[in-house]
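Have a look at the structure below before the remarks.
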Amino acid sequence: MADLPPNLMYTEEHEYLSPTEEEDVFTVGITDYAQGELGDIVFVELPAAGETFEAGASFGTVEAVKAVSDLYMPVTGEVVESNNALADDPSLVNSDPYGAGWMIRIRVKSTSDVEGLLSPEDYADHVG
Amino acid sequence: MTATDQELRQTPLHAEHVAAGGRLVPFAGFAMPVQYPTGIVKEHQAVREAAGLFDVSHMGEFEVRGAQALDLVQRLLTNDASRLAVGQAQYTVLCRPDGTALDDCILYRLEDRYMVVVNAGNLAKDRAWFEDAAKDFDVEFTDRSDELGLLALQGPKAQEILEGLTDADLDGIRFYHFARGEVAGREAIISRTGYTGEDGFELYVAAGDAAHVWRALLEAGEPVGLIPAGLGARDSLRLEVGYILYGNDLDESRTPLEAGLGWAVKLDKGDFVGRDALAAQKEAGLRQRLAGFVMREKAFPRHGYEIRVGGEPAGEVTSGVLSPTTGKGVGLAYLPADAARPGTGIEIMIRDRAVPAEVVRPPFYTEGSLRR
(Lines give C-alpha, C1' and ligand atoms only; values in the text may rest on other atoms or scores of the structure.)
Protein backbone atom coordinates (compact mmCIF):
# COMPACT_ATOMS: atom_id res chain seq x y z
CA MET A 1 0.00 0.00 0.00
CA ALA A 2 1.31 3.42 -0.95
CA ASP A 3 2.48 5.69 1.83
CA LEU A 4 0.16 8.67 2.47
CA PRO A 5 1.40 11.08 5.18
CA PRO A 6 -1.55 12.60 7.11
CA ASN A 7 -0.15 16.14 7.39
CA LEU A 8 -0.02 16.82 3.62
CA MET A 9 -2.49 18.06 1.02
CA TYR A 10 -2.93 16.32 -2.33
CA THR A 11 -4.15 16.88 -5.89
CA GLU A 12 -6.02 14.61 -8.26
CA GLU A 13 -2.91 14.73 -10.49
CA HIS A 14 -0.90 13.06 -7.69
CA GLU A 15 1.13 16.01 -6.46
CA TYR A 16 1.42 16.70 -2.74
CA LEU A 17 1.85 19.98 -0.92
CA SER A 18 3.77 19.89 2.35
CA PRO A 19 3.94 22.80 4.84
CA THR A 20 7.27 24.41 5.74
CA GLU A 21 8.27 26.71 8.59
CA GLU A 22 7.09 29.66 6.52
CA GLU A 23 3.32 29.92 6.44
CA ASP A 24 3.05 30.71 2.72
CA VAL A 25 5.85 28.40 1.48
CA PHE A 26 5.14 24.76 0.63
CA THR A 27 7.13 21.85 -0.71
CA VAL A 28 5.73 20.14 -3.83
CA GLY A 29 6.43 16.64 -5.05
CA ILE A 30 4.61 13.60 -6.36
CA THR A 31 2.96 11.00 -4.18
CA ASP A 32 4.26 7.57 -3.32
CA TYR A 33 1.37 6.14 -5.32
CA ALA A 34 2.41 8.20 -8.37
CA GLN A 35 6.07 7.17 -8.25
CA GLY A 36 4.98 3.55 -7.92
CA GLU A 37 2.75 3.82 -10.97
CA LEU A 38 5.42 5.57 -13.02
CA GLY A 39 8.15 3.09 -12.19
CA ASP A 40 11.83 3.96 -12.39
CA ILE A 41 12.23 7.71 -12.81
CA VAL A 42 15.29 8.60 -14.88
CA PHE A 43 14.98 12.34 -15.53
CA VAL A 44 13.15 15.23 -13.89
CA GLU A 45 12.83 18.64 -15.54
CA LEU A 46 12.13 21.43 -13.05
CA PRO A 47 11.71 25.21 -13.34
CA ALA A 48 14.20 27.75 -12.02
CA ALA A 49 13.54 29.80 -8.90
CA GLY A 50 11.60 32.98 -9.67
CA GLU A 51 9.21 31.44 -12.21
CA THR A 52 5.51 31.74 -11.43
CA PHE A 53 2.76 29.33 -12.44
CA GLU A 54 -1.01 29.38 -12.27
CA ALA A 55 -2.79 26.54 -10.49
CA GLY A 56 -3.06 23.60 -12.89
CA ALA A 57 -0.21 24.77 -15.15
CA SER A 58 2.58 22.36 -16.01
CA PHE A 59 5.71 23.33 -14.09
CA GLY A 60 7.91 20.46 -15.22
CA THR A 61 8.05 16.87 -16.36
CA VAL A 62 9.07 13.56 -14.91
CA GLU A 63 10.46 10.94 -17.26
CA ALA A 64 10.12 7.31 -16.26
CA VAL A 65 11.52 4.58 -18.47
CA LYS A 66 8.12 3.76 -19.94
CA ALA A 67 6.33 7.13 -19.87
CA VAL A 68 6.63 10.87 -19.43
CA SER A 69 4.28 12.79 -17.13
CA ASP A 70 3.65 16.48 -16.66
CA LEU A 71 3.94 17.98 -13.21
CA TYR A 72 1.03 20.28 -12.36
CA MET A 73 1.09 23.26 -10.04
CA PRO A 74 -1.31 22.49 -7.16
CA VAL A 75 -2.00 26.20 -6.45
CA THR A 76 -0.88 29.48 -7.99
CA GLY A 77 2.51 30.62 -6.75
CA GLU A 78 6.17 31.38 -7.33
CA VAL A 79 8.97 28.84 -7.36
CA VAL A 80 11.48 29.75 -4.62
CA GLU A 81 13.69 26.66 -4.89
CA SER A 82 14.14 23.56 -7.09
CA ASN A 83 15.60 20.28 -5.88
CA ASN A 84 18.92 20.22 -7.72
CA ALA A 85 19.76 16.81 -6.25
CA LEU A 86 17.27 15.24 -8.69
CA ALA A 87 19.49 16.17 -11.63
CA ASP A 88 22.13 13.74 -10.34
CA ASP A 89 19.83 11.17 -8.83
CA PRO A 90 16.23 11.22 -10.12
CA SER A 91 15.61 7.88 -8.43
CA LEU A 92 15.25 9.79 -5.15
CA VAL A 93 11.67 10.42 -6.30
CA ASN A 94 11.12 6.65 -6.22
CA SER A 95 12.97 5.93 -3.01
CA ASP A 96 11.87 8.94 -0.91
CA PRO A 97 9.06 10.88 -2.62
CA TYR A 98 8.08 12.89 0.48
CA GLY A 99 11.67 13.52 1.61
CA ALA A 100 14.80 13.73 -0.54
CA GLY A 101 12.68 13.28 -3.67
CA TRP A 102 10.80 16.61 -3.29
CA MET A 103 10.67 18.74 -6.44
CA ILE A 104 10.06 22.44 -5.82
CA ARG A 105 9.28 24.87 -3.01
CA ILE A 106 6.66 27.46 -3.84
CA ARG A 107 5.44 30.66 -2.26
CA VAL A 108 1.69 30.46 -2.74
CA LYS A 109 -0.28 33.49 -3.89
CA SER A 110 -3.03 32.82 -1.39
CA THR A 111 -2.86 30.39 1.52
CA SER A 112 -6.62 29.92 1.26
CA ASP A 113 -6.06 28.15 -2.09
CA VAL A 114 -4.36 25.34 -0.20
CA GLU A 115 -7.54 24.54 1.69
CA GLY A 116 -9.20 23.56 -1.58
CA LEU A 117 -6.84 20.64 -2.10
CA LEU A 118 -7.56 17.03 -1.26
CA SER A 119 -7.17 15.67 2.25
CA PRO A 120 -5.30 12.37 2.66
CA GLU A 121 -8.68 10.63 2.98
CA ASP A 122 -10.03 12.24 -0.20
CA TYR A 123 -6.85 11.40 -2.08
CA ALA A 124 -7.00 7.80 -0.88
CA ASP A 125 -10.55 7.59 -2.27
CA HIS A 126 -9.34 9.12 -5.52
CA VAL A 127 -6.63 6.51 -6.11
CA GLY A 128 -8.59 3.68 -4.48
CA MET B 1 -11.82 -6.79 -14.84
CA THR B 2 -12.35 -5.53 -18.37
CA ALA B 3 -13.07 -7.64 -21.42
CA THR B 4 -9.54 -6.96 -22.64
CA ASP B 5 -8.05 -8.53 -19.53
CA GLN B 6 -10.16 -11.64 -20.00
CA GLU B 7 -9.01 -12.05 -23.57
CA LEU B 8 -5.31 -11.78 -22.75
CA ARG B 9 -3.41 -15.02 -23.10
CA GLN B 10 -1.03 -16.27 -20.47
CA THR B 11 2.40 -17.77 -20.97
CA PRO B 12 3.33 -21.02 -19.16
CA LEU B 13 5.19 -18.81 -16.66
CA HIS B 14 2.21 -16.65 -15.72
CA ALA B 15 2.01 -17.96 -12.14
CA GLU B 16 5.74 -17.29 -11.67
CA HIS B 17 5.30 -13.66 -12.71
CA VAL B 18 2.33 -13.18 -10.40
CA ALA B 19 4.21 -14.76 -7.49
CA ALA B 20 7.23 -12.54 -8.14
CA GLY B 21 5.10 -9.38 -8.14
CA GLY B 22 5.53 -8.76 -11.86
CA ARG B 23 3.57 -5.86 -13.29
CA LEU B 24 1.59 -7.50 -16.06
CA VAL B 25 0.62 -5.47 -19.11
CA PRO B 26 -1.05 -6.39 -22.40
CA PHE B 27 1.56 -7.12 -25.07
CA ALA B 28 0.74 -8.72 -28.41
CA GLY B 29 -2.34 -10.30 -26.87
CA PHE B 30 -0.49 -11.74 -23.88
CA ALA B 31 -0.32 -10.62 -20.27
CA MET B 32 3.43 -10.01 -19.97
CA PRO B 33 5.58 -8.67 -17.13
CA VAL B 34 6.88 -5.22 -18.04
CA GLN B 35 8.90 -5.20 -14.81
CA TYR B 36 9.20 -6.82 -11.40
CA PRO B 37 9.35 -4.93 -8.08
CA THR B 38 13.11 -4.47 -8.60
CA GLY B 39 12.35 -1.98 -11.39
CA ILE B 40 13.41 -1.60 -15.00
CA VAL B 41 16.71 0.17 -14.30
CA LYS B 42 17.97 -2.47 -11.86
CA GLU B 43 16.81 -5.25 -14.18
CA HIS B 44 18.68 -3.58 -17.03
CA GLN B 45 21.82 -3.23 -14.91
CA ALA B 46 21.60 -6.84 -13.76
CA VAL B 47 21.72 -8.03 -17.38
CA ARG B 48 24.69 -5.77 -18.18
CA GLU B 49 26.62 -6.73 -15.04
CA ALA B 50 25.46 -10.24 -14.04
CA ALA B 51 22.40 -11.83 -15.62
CA GLY B 52 18.66 -11.50 -16.12
CA LEU B 53 16.01 -14.09 -16.91
CA PHE B 54 13.24 -13.17 -19.38
CA ASP B 55 10.05 -14.98 -20.26
CA VAL B 56 9.67 -14.67 -24.02
CA SER B 57 7.25 -17.56 -24.38
CA HIS B 58 4.86 -15.26 -26.24
CA MET B 59 7.11 -15.59 -29.30
CA GLY B 60 5.81 -17.99 -31.93
CA GLU B 61 7.54 -21.11 -33.23
CA PHE B 62 6.76 -22.74 -36.58
CA GLU B 63 8.15 -26.03 -37.83
CA VAL B 64 8.69 -26.84 -41.47
CA ARG B 65 9.45 -30.48 -42.36
CA GLY B 66 9.51 -32.48 -45.52
CA ALA B 67 11.37 -32.95 -48.79
CA GLN B 68 10.96 -29.30 -49.80
CA ALA B 69 11.42 -27.68 -46.39
CA LEU B 70 14.52 -25.82 -47.53
CA ASP B 71 12.76 -24.68 -50.69
CA LEU B 72 9.88 -23.18 -48.73
CA VAL B 73 12.02 -21.22 -46.26
CA GLN B 74 14.25 -20.05 -49.11
CA ARG B 75 11.15 -18.87 -50.97
CA LEU B 76 9.67 -16.92 -48.05
CA LEU B 77 12.68 -15.59 -46.15
CA THR B 78 15.30 -13.08 -47.31
CA ASN B 79 18.44 -14.62 -45.82
CA ASP B 80 20.13 -17.65 -47.40
CA ALA B 81 18.95 -20.72 -45.50
CA SER B 82 21.14 -22.99 -47.63
CA ARG B 83 24.16 -21.66 -45.74
CA LEU B 84 22.86 -23.02 -42.43
CA ALA B 85 24.47 -26.12 -40.97
CA VAL B 86 22.50 -28.32 -38.61
CA GLY B 87 22.80 -26.62 -35.23
CA GLN B 88 22.98 -23.14 -36.68
CA ALA B 89 20.53 -20.23 -36.67
CA GLN B 90 20.19 -17.03 -38.69
CA TYR B 91 18.39 -13.73 -38.53
CA THR B 92 16.06 -13.30 -41.49
CA VAL B 93 13.09 -11.30 -42.76
CA LEU B 94 9.67 -12.33 -44.07
CA CYS B 95 8.71 -10.02 -46.93
CA ARG B 96 5.73 -9.38 -49.17
CA PRO B 97 6.14 -9.27 -52.95
CA ASP B 98 6.64 -5.48 -52.80
CA GLY B 99 9.61 -6.00 -50.45
CA THR B 100 7.95 -4.64 -47.33
CA ALA B 101 8.44 -6.59 -44.14
CA LEU B 102 5.79 -8.84 -42.61
CA ASP B 103 8.10 -9.79 -39.75
CA ASP B 104 11.68 -10.35 -38.71
CA CYS B 105 12.46 -13.91 -37.60
CA ILE B 106 15.13 -16.34 -36.47
CA LEU B 107 15.50 -19.48 -38.56
CA TYR B 108 16.95 -22.62 -36.92
CA ARG B 109 18.11 -25.66 -38.82
CA LEU B 110 17.50 -28.86 -36.88
CA GLU B 111 18.41 -32.38 -38.01
CA ASP B 112 15.12 -33.05 -39.77
CA ARG B 113 13.36 -29.68 -39.95
CA TYR B 114 13.51 -25.93 -39.76
CA MET B 115 12.14 -23.87 -36.90
CA VAL B 116 11.04 -20.29 -37.58
CA VAL B 117 10.71 -18.04 -34.52
CA VAL B 118 8.36 -15.12 -35.09
CA ASN B 119 7.12 -12.12 -33.16
CA ALA B 120 4.00 -12.75 -31.08
CA GLY B 121 2.19 -9.76 -32.54
CA ASN B 122 2.65 -11.12 -36.05
CA LEU B 123 1.97 -14.77 -35.34
CA ALA B 124 -1.48 -15.03 -36.93
CA LYS B 125 -0.58 -13.25 -40.18
CA ASP B 126 2.77 -15.08 -40.41
CA ARG B 127 1.06 -18.44 -39.95
CA ALA B 128 -1.48 -17.62 -42.65
CA TRP B 129 1.36 -16.54 -44.94
CA PHE B 130 3.32 -19.75 -44.36
CA GLU B 131 0.26 -22.01 -44.61
CA ASP B 132 -0.75 -20.45 -47.90
CA ALA B 133 2.72 -20.77 -49.39
CA ALA B 134 3.15 -24.32 -48.05
CA LYS B 135 0.34 -25.57 -50.31
CA ASP B 136 2.72 -25.40 -53.27
CA PHE B 137 5.51 -27.34 -51.58
CA ASP B 138 6.00 -30.88 -50.35
CA VAL B 139 6.24 -29.83 -46.72
CA GLU B 140 4.51 -30.26 -43.40
CA PHE B 141 3.94 -26.96 -41.63
CA THR B 142 3.12 -26.93 -37.90
CA ASP B 143 2.59 -24.07 -35.48
CA ARG B 144 4.25 -25.20 -32.20
CA SER B 145 3.81 -21.86 -30.41
CA ASP B 146 1.40 -23.17 -27.76
CA GLU B 147 3.52 -26.22 -27.01
CA LEU B 148 6.76 -24.38 -26.27
CA GLY B 149 8.04 -22.10 -23.57
CA LEU B 150 10.96 -19.79 -24.27
CA LEU B 151 13.29 -18.44 -21.60
CA ALA B 152 16.09 -15.97 -22.31
CA LEU B 153 19.02 -16.10 -19.88
CA GLN B 154 21.12 -13.05 -20.70
CA GLY B 155 24.23 -11.46 -19.23
CA PRO B 156 27.94 -12.01 -18.64
CA LYS B 157 27.14 -14.65 -15.97
CA ALA B 158 24.72 -16.58 -18.18
CA GLN B 159 27.06 -19.41 -19.06
CA GLU B 160 28.30 -19.79 -15.50
CA ILE B 161 24.71 -20.11 -14.31
CA LEU B 162 23.60 -22.52 -17.01
CA GLU B 163 26.69 -24.71 -16.72
CA GLY B 164 25.62 -26.13 -13.38
CA LEU B 165 22.24 -27.19 -14.75
CA THR B 166 23.07 -28.84 -18.05
CA ASP B 167 25.04 -31.67 -19.56
CA ALA B 168 25.47 -29.77 -22.83
CA ASP B 169 28.92 -28.52 -23.84
CA LEU B 170 28.22 -24.78 -23.70
CA ASP B 171 31.71 -23.82 -24.88
CA GLY B 172 30.90 -25.75 -28.03
CA ILE B 173 27.88 -23.54 -28.79
CA ARG B 174 29.02 -20.45 -30.67
CA PHE B 175 26.98 -17.29 -31.27
CA TYR B 176 23.89 -18.07 -33.37
CA HIS B 177 24.38 -21.80 -32.87
CA PHE B 178 22.44 -24.21 -30.68
CA ALA B 179 22.52 -27.69 -29.21
CA ARG B 180 19.99 -30.03 -27.71
CA GLY B 181 20.51 -30.92 -24.09
CA GLU B 182 18.87 -31.16 -20.73
CA VAL B 183 18.45 -28.09 -18.53
CA ALA B 184 17.50 -28.93 -14.96
CA GLY B 185 16.60 -32.40 -16.19
CA ARG B 186 14.24 -31.24 -18.93
CA GLU B 187 14.84 -31.41 -22.68
CA ALA B 188 15.74 -28.11 -24.25
CA ILE B 189 17.09 -26.43 -27.33
CA ILE B 190 19.96 -24.35 -25.99
CA SER B 191 20.61 -21.47 -28.34
CA ARG B 192 23.37 -18.88 -27.94
CA THR B 193 21.21 -15.99 -29.11
CA GLY B 194 19.57 -12.99 -27.52
CA TYR B 195 18.30 -9.47 -27.75
CA THR B 196 20.42 -7.63 -25.22
CA GLY B 197 23.97 -7.26 -26.56
CA GLU B 198 25.19 -9.56 -23.81
CA ASP B 199 26.29 -13.15 -23.96
CA GLY B 200 23.45 -15.49 -23.18
CA PHE B 201 21.14 -18.28 -24.13
CA GLU B 202 17.59 -18.74 -25.30
CA LEU B 203 16.10 -21.98 -24.04
CA TYR B 204 13.22 -23.63 -25.88
CA VAL B 205 11.44 -26.10 -23.61
CA ALA B 206 8.10 -27.86 -23.49
CA ALA B 207 5.47 -25.48 -22.11
CA GLY B 208 4.89 -27.86 -19.20
CA ASP B 209 8.59 -27.72 -18.26
CA ALA B 210 8.96 -23.96 -18.45
CA ALA B 211 8.15 -23.19 -14.81
CA HIS B 212 10.48 -25.91 -13.53
CA VAL B 213 13.37 -24.63 -15.64
CA TRP B 214 12.59 -20.99 -14.72
CA ARG B 215 12.74 -21.76 -11.00
CA ALA B 216 15.89 -23.89 -11.32
CA LEU B 217 17.69 -21.11 -13.20
CA LEU B 218 16.68 -18.43 -10.69
CA GLU B 219 17.82 -20.61 -7.81
CA ALA B 220 21.14 -21.44 -9.46
CA GLY B 221 21.77 -17.85 -10.52
CA GLU B 222 20.71 -16.01 -7.40
CA PRO B 223 24.19 -16.17 -5.77
CA VAL B 224 25.76 -14.42 -8.77
CA GLY B 225 23.08 -11.77 -9.17
CA LEU B 226 20.50 -13.29 -11.53
CA ILE B 227 17.06 -11.69 -11.29
CA PRO B 228 13.94 -11.96 -13.43
CA ALA B 229 13.69 -9.12 -15.94
CA GLY B 230 10.68 -7.82 -17.83
CA LEU B 231 9.82 -6.36 -21.21
CA GLY B 232 10.83 -2.86 -20.09
CA ALA B 233 14.45 -3.86 -19.55
CA ARG B 234 14.35 -6.00 -22.68
CA ASP B 235 13.41 -2.92 -24.70
CA SER B 236 16.05 -0.60 -23.24
CA LEU B 237 18.73 -3.31 -23.54
CA ARG B 238 17.99 -4.04 -27.19
CA LEU B 239 17.86 -0.37 -28.10
CA GLU B 240 21.23 0.39 -26.50
CA VAL B 241 22.80 -2.08 -28.91
CA GLY B 242 20.70 -0.88 -31.86
CA TYR B 243 18.58 -3.99 -32.40
CA ILE B 244 15.35 -3.15 -34.17
CA LEU B 245 11.89 -3.93 -32.83
CA TYR B 246 9.23 -4.97 -35.32
CA GLY B 247 6.25 -2.68 -34.91
CA ASN B 248 8.47 0.28 -34.03
CA ASP B 249 11.51 0.29 -36.29
CA LEU B 250 10.22 -2.00 -39.00
CA ASP B 251 6.69 -2.57 -40.23
CA GLU B 252 4.68 -3.29 -43.35
CA SER B 253 5.51 0.14 -44.76
CA ARG B 254 9.29 -0.48 -44.71
CA THR B 255 11.68 -2.82 -46.44
CA PRO B 256 14.58 -4.58 -44.74
CA LEU B 257 16.95 -2.51 -46.87
CA GLU B 258 15.52 0.73 -45.49
CA ALA B 259 15.82 -0.75 -41.99
CA GLY B 260 19.56 -1.37 -42.45
CA LEU B 261 19.06 -5.14 -42.66
CA GLY B 262 20.66 -5.54 -46.08
CA TRP B 263 23.11 -8.00 -44.54
CA ALA B 264 20.15 -10.39 -44.01
CA VAL B 265 18.85 -9.98 -47.58
CA LYS B 266 20.69 -12.26 -50.02
CA LEU B 267 19.63 -11.06 -53.46
CA ASP B 268 21.97 -13.58 -55.13
CA LYS B 269 20.51 -16.71 -53.45
CA GLY B 270 17.84 -17.27 -56.13
CA ASP B 271 14.27 -16.10 -56.35
CA PHE B 272 12.30 -15.35 -53.20
CA VAL B 273 9.20 -13.33 -52.28
CA GLY B 274 10.15 -9.67 -52.48
CA ARG B 275 13.41 -10.22 -54.31
CA ASP B 276 12.62 -8.23 -57.46
CA ALA B 277 11.27 -5.26 -55.50
CA LEU B 278 14.27 -5.26 -53.16
CA ALA B 279 16.72 -5.54 -56.04
CA ALA B 280 15.01 -2.62 -57.76
CA GLN B 281 15.08 -0.56 -54.58
CA LYS B 282 18.77 -1.27 -54.10
CA GLU B 283 19.45 -0.33 -57.72
CA ALA B 284 17.48 2.92 -57.48
CA GLY B 285 19.04 3.87 -54.16
CA LEU B 286 17.29 4.29 -50.82
CA ARG B 287 15.34 7.49 -50.28
CA GLN B 288 15.05 6.88 -46.56
CA ARG B 289 16.90 4.74 -44.11
CA LEU B 290 16.83 3.89 -40.44
CA ALA B 291 19.44 5.91 -38.58
CA GLY B 292 20.65 6.00 -35.01
CA PHE B 293 20.98 9.24 -33.09
CA VAL B 294 22.31 10.43 -29.75
CA MET B 295 21.00 13.51 -27.94
CA ARG B 296 23.52 16.29 -27.43
CA GLU B 297 21.96 17.22 -24.10
CA LYS B 298 20.23 15.15 -21.45
CA ALA B 299 16.78 14.38 -22.79
CA PHE B 300 14.51 11.37 -23.31
CA PRO B 301 13.54 10.89 -26.96
CA ARG B 302 10.39 8.82 -27.31
CA HIS B 303 8.56 6.88 -30.00
CA GLY B 304 6.58 9.29 -32.18
CA TYR B 305 8.51 12.50 -31.43
CA GLU B 306 9.03 14.63 -34.53
CA ILE B 307 12.49 14.99 -36.02
CA ARG B 308 13.63 18.08 -37.87
CA VAL B 309 16.50 18.42 -40.28
CA GLY B 310 17.48 21.97 -41.18
CA GLY B 311 14.44 23.17 -39.27
CA GLU B 312 11.99 21.14 -41.39
CA PRO B 313 10.02 18.07 -40.29
CA ALA B 314 11.89 15.02 -41.60
CA GLY B 315 10.52 12.02 -39.74
CA GLU B 316 9.83 10.74 -36.29
CA VAL B 317 11.50 8.69 -33.59
CA THR B 318 10.66 5.01 -34.00
CA SER B 319 12.33 3.92 -30.74
CA GLY B 320 14.03 6.01 -28.08
CA VAL B 321 15.35 5.71 -24.56
CA LEU B 322 17.41 7.54 -22.03
CA SER B 323 20.11 4.89 -21.97
CA PRO B 324 20.36 3.44 -18.46
CA THR B 325 23.98 2.45 -19.14
CA THR B 326 25.37 5.59 -20.80
CA GLY B 327 22.96 8.21 -19.41
CA LYS B 328 22.42 9.61 -22.89
CA GLY B 329 19.23 9.87 -24.90
CA VAL B 330 19.50 7.56 -27.92
CA GLY B 331 17.10 6.34 -30.54
CA LEU B 332 16.29 5.24 -34.05
CA ALA B 333 14.45 7.08 -36.81
CA TYR B 334 13.82 6.93 -40.54
CA LEU B 335 15.55 9.89 -42.16
CA PRO B 336 16.13 11.05 -45.73
CA ALA B 337 19.21 9.18 -46.95
CA ASP B 338 21.46 12.24 -47.03
CA ALA B 339 20.51 13.15 -43.45
CA ALA B 340 21.07 9.57 -42.26
CA ARG B 341 24.84 9.89 -42.53
CA PRO B 342 26.74 9.78 -39.21
CA GLY B 343 27.66 13.22 -37.96
CA THR B 344 24.56 14.97 -39.31
CA GLY B 345 23.01 17.38 -36.82
CA ILE B 346 19.27 16.89 -36.32
CA GLU B 347 16.68 18.08 -33.82
CA ILE B 348 14.13 16.12 -31.83
CA MET B 349 10.96 17.98 -30.87
CA ILE B 350 10.44 17.34 -27.17
CA ARG B 351 7.36 19.16 -25.87
CA ASP B 352 7.68 22.04 -28.35
CA ARG B 353 11.41 22.41 -27.84
CA ALA B 354 13.90 21.49 -30.58
CA VAL B 355 16.57 19.49 -28.76
CA PRO B 356 19.80 18.92 -30.72
CA ALA B 357 20.97 15.41 -31.58
CA GLU B 358 23.55 13.84 -33.85
CA VAL B 359 23.21 10.92 -36.23
CA VAL B 360 25.49 8.06 -35.16
CA ARG B 361 25.88 4.48 -36.27
CA PRO B 362 24.47 2.03 -33.68
CA PRO B 363 25.25 0.28 -31.39
CA PHE B 364 25.06 3.02 -28.78
CA TYR B 365 26.66 0.71 -26.22
CA THR B 366 29.64 -1.40 -27.20
CA GLU B 367 30.97 -2.85 -23.94
CA GLY B 368 28.63 -5.85 -23.81
CA SER B 369 29.83 -9.36 -23.07
CA LEU B 370 28.56 -10.70 -26.40
CA ARG B 371 31.36 -12.27 -28.45
CA ARG B 372 30.57 -13.01 -32.07
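All chains are named by letter (A, B, ...) in the order of the sequence lines, taking the proteins before the strands, and each is independently numbered beginning at 1.
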Best-contacting candidate, A/Gly39, A/Ala64, A/Ser58, against chain B by heavy atom pairs under 4.5 angstrom
A/Ala64

More than 12 foreign heavy atoms under 6.0 Å from CD of B/Glu358: is that the case here?
yes

Contact class of B/Leu322 relative to chain A, heavy atoms under 4.5 angstrom:
side chain

Would you name the heavy atoms of A/Lys66 and B/Arg302 that are closest together and state the gap between them?
C-NH1, 3.5 Å

If one checks every heavy atom of A/Thr61 against chain B at 4.5 Å, the contacting part turns out to be side chain

Under a 4.5 Å cutoff for heavy-atom pairs, which residue among B/Lys298, B/His303, B/Gln35 has the most contacts with chain A?
B/Lys298

For A/Glu37, is there any backbone N or O sitting under 3.5 Å from a side-chain donor or acceptor partner on B/Arg23?
yes

State, to 0.1 Å, how close B/Phe300 and A/Val65 come at their nearest heavy-atom pair, and which atoms those are.
CZ-O, 3.3 Å

Where do B/Arg351 and A/Val68 land on the side chain to side chain contact (heavy atoms under 4.5 Å, CB included) test, with the steps shown first?
CA-CA 11 Å; B/Arg351 288 177 296 282; A/Val68 58; 3.4 Å; yes

Minimum-distance pair of heavy atoms, taken over all atoms of A/Asp40 and B/Val41:
OD2-N, 2.5 Å

Around atom CD of A/Glu23, are there more than 12 heavy atoms from other residues, nucleotides or ligands closer than 6.0 Å?
no

